[in-house]
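Residue numbering restarts at 1 for every chain, and letters A, B, ... go by the order of the sequence lines.
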Amino acid sequence: MAIGSGLSELELDLDVFAGPFDLLLTVVLREELDLLEVELGEIVSAYVGNLSESGEIDLEATTEFLLLIASLLELKSRLMLPQADPELEAMEPEEAVEELVARMLEYRRYKEASASLVALLEGAAPYLYRSAPLPSELRQVAIEAAEQAYDPDLLASAVGDLLTPPEEIEMPRIPVAISLRRRVAVLRAAISAKRSLDFDESFGSESREIQAVTLLALLQLHGEGAATWRQDEICGPITITGRTEVPVGGG
Amino acid sequence: MASDLAADIEALLFLSPSPVSVADLAEACRAGEPEVEAAVAELESRLGDTGRGLVLRRVSGGLALATAPGSEAAARRLLARPRTPPLTRAQAETLAIVAYLQPVSRPEIARIRGVSSESAVASLGERGLIEESGKSRFGAVLYRTSELFEKLFGLESLEGLPDPSSFDPDPGDERALRERLLSIGEQRVGS
Amino acid sequence: MASDLAADIEALLFLSPSPVSVADLAEACRAGEPEVEAAVAELESRLGDTGRGLVLRRVSGGLALATAPGSEAAARRLLARPRTPPLTRAQAETLAIVAYLQPVSRPEIARIRGVSSESAVASLGERGLIEESGKSRFGAVLYRTSELFEKLFGLESLEGLPDPSSFDPDPGDERALRERLLSIGEQRVGS
């Protein structure tokens, strides 16, 4: 069992939350923590750090992580977007709220269902069933009465399946750590130098992972009101613009 | 004749290690299903008499004999078999998701619960309540509930699970939740 | 009171796979042995009534419930018929490993399949397709296929198992089947 990359082992130490990653979205879904307070970039860095330390990848645990972090990112980024951007109409905060409400309601449904299952189990517990081997006279007859019911090729083909090596899954080589803070600093410097820049032109030569974290940094600057961007078509060029004149909090 | 059939059915249910359907009882007793149904009703009412130690249960798609609840304490003392430990919160939530959405993969369970469900899935498997049921398109193992689950939870079939929509909060609660979240979002966007 | 005790005793004898002594019954029911004797007599007379499918037996080890004579034919039709529902993928893989590599231990099966195979082994055992065959050097239970297995697959002997090479993705590989399965199983876990 490769548990080196297990989510339960990813310990987080954030400003608003300390504990296993495992718990984080649960706490958000249970409304015990405001998602807007959570620094998601730090979680990604911590996970990537863990992954490269352990050197092992448990595919299922990694899928779980990606699913969980992706839904956190989506929810948070939608919550953070100002209402005013007309070109980003598709991402109204109302929609973010709808998404989060839907997630919370879905979780609640199964939480309630689990309580009813526990009650069913409790109600059925006093009924005990017999568990005893069949009397020998009934067991012996079985062999004589048995007729062919299965095709032996079933076994040969199962062995064939077992002899088939699992598909090689290309795992990206992840640099030891990509610091979100570092990317925020790089992005700030680039904006203050040029005020407006093209994402591909400035960061296109970096690795995909660094580009991804730079996008996270952009989200963070956007949340602070320090930068905005346009992308006129899906997968088209991204233009980043600094907005030094409107810091959040009116300072 | 009818009483002989009821006796045969009691004997078959006593011997059978798992619940037996009316169709299988009919075939084994060389009787029609309506006669079996009638004999089952007769057996049930006889078992319902005061002072009886056994009851008839309809579980997991068939009929089974079980001990009456009043004898549980004595039975557990004799067999030195304590009640199985209650489900933890994580196990109960995971089991509910598997029961309603089966077949379902672990990443999907994690998505709904917002938490990795590796150990809950493993312990439910160990308790025999869920079992593997093939793989998803992406190669993740899929899980479903077992026959033992239906037996231990007293369900005749999965149809017997309570309607999940009965667990949804009333519209007032839902609206309050939505408004609260929206106001948080607006504060944050801070104009 | 006496009838409650008779009901408890009926429940206890129903659950116990082997005969139970009066002393053990008394202890489990928290009653005196004379009361238990009286309740046993009451249960026996009640079971003697017409239409009951169960009888009380006094055997060397104590008391036991058994089926009343007259239901053997129906029991044989219901239970002496091997259960042959389609094998799940987990069961087919596990059975194939046991068939081609026997004797083989459960940990070895798990290493080849890349997942714990507890429930597949248990259900194959319950259906009589595989059986225990001693222990390995390390104390793990070893499994082999049963005589019933050969009958249900229409095999004269294990020599008749089909050659898997027509399903083998790499028939040129000269290594022994066990070695190949184990090494590919390890890749499966590692991925």
Side-chain angles (χ1 to χ4, degrees), chain B residues 2-18 20 24-25 27-31 39 42-43 46-47 49-55 65-81 122 125-126 128 130-135 139 141 144 146-148, chain C residues 1-17 20 24-25 27-31 39 42-43 46 49-55 65-81 83 88-91 113-120 122-123 126 191:
Chain B
S3 65
D4 280 350
L5 188 53
D8 282 352
I9 290 169
E10 186 175 16
L12 294 179
L13 297 181
F14 174 80
L15 291 172
S16 175
S18 49
V20 189
D24 286 349
L25 286 173
E27 199 186 323
C29 296
R30 305 227 155 123
E42 191 186 324
L43 175 61
R46 204 179 297 159
L47 293 174
D49 291 352
T50 45
R52 294 304 316 270
L54 304 181
V55 294
L65 286 175
T67 58
S71 305
E72 186 195 358
R76 295 202 186 275
R77 281 194 293 272
L78 178 76
L79 302 175
R81 199 165 69 185
E126 253 162 51
I130 63 173
E131 56 196 20
E132 294 184 9
S133 164
K135 303 226 169 165
V141 177
R144 64 164 178 232
S146 64
E147 192 182 298
L148 181 66
Chain C
M1 270 317 284
S3 65
D4 279 351
L5 189 54
D8 281 352
I9 289 168
E10 183 175 11
L12 297 182
L13 297 180
F14 167 80
L15 289 174
S16 177
V20 189
D24 287 348
L25 287 173
E27 199 186 323
C29 296
R30 303 211 158 137
E42 191 187 324
L43 174 61
R46 203 183 295 161
D49 290 354
T50 47
R52 290 307 312 271
L54 304 179
V55 294
L65 279 182
T67 54
S71 54
E72 295 93 344
R76 197 160 285 129
R77 281 192 292 270
L78 179 71
L79 300 164
R81 187 178 54 183
R83 294 194 298 135
T88 64
R89 182 188 167 126
Q91 288 163 353
R113 292 191 55 229
V115 288
S116 139
S117 302
E118 218 160 302
S119 80
S123 57
E126 211 172 89
S191 71

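Neither the backbone nor the side chain of I9(B) comes within contact range of chain C; no heavy atom of the residue lies under 4.5 Å from a heavy atom of that chain. Only the side chain of E132(B) comes within less than 4.5 Å of a heavy atom of chain C; its backbone N, CA, C and O stay farther away. Proximity to chain C (any heavy atom under 4.5 Å) is shown, for A73(B), by neither the backbone nor the side chain. Proximity to chain C (any heavy atom under 4.5 Å) is restricted, for L79(B), to the side chain, taken from C-beta onward. Neither the backbone nor the side chain of A122(C) comes within less than 4.5 Å of any heavy atom in chain B.
For chain C, the option among P17(B), G128(B), S71(B) with the highest count of heavy-atom pairs below 4.5 Å is S71(B). Interface remark: of the candidates L65(C), T88(C), L54(C), L54(C) forms the most heavy-atom pairs closer than 4.5 Å to chain B. The candidate with the highest count of non-hydrogen atom pairs below 4.5 Å against chain C, out of E126(B), R30(B), E27(B), is R30(B). In terms of heavy-atom pairs under 4.5 angstrom with chain B, the leader among V20(C), L43(C), T67(C) is T67(C).
Considering every non-hydrogen atom in both R77(C) and A28(B), the closest pair reads NE-O, 2.7 Å. Nearest heavy-atom pair across L12(C) and A75(B) is CD2-CA, 3.2 Å. Listed here is the closest heavy atom pair of D8(C) and C29(C): CB-SG, 4.0 Å.
Judged as a side-chain hydrogen bond (donor to acceptor under 3.5 Å, both in side chains), and not counting sequence neighbours, the contacts of S117(C) are R113(C). For the side-chain hydrogen bond (donor to acceptor under 3.5 Å, both in side chains) test, residues two or more places apart in sequence or in another chain that qualify with R76(B) are E72(B).
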Any chance you could lay out the salt bridge (Lys or Arg N to Asp or Glu O under 4.0 Å) test for E131(B) and R144(B), step after step, and finish with the verdict? CA-CA 6 Å; E131(B) 56 196 20; R144(B) 64 164 178 232; 3.0 Å; yes

I'd like to know whether L47(B) forms a side-chain contact (heavy atoms from CB on, under 4.5 Å) with E10(B), so could you lay out the CA-CA distance, the side-chain angles of the two residues, the decisive distance to 0.1 Å, and finally the verdict. CA-CA 10 Å; L47(B) 293 174; E10(B) 186 175 16; 4.1 Å; yes

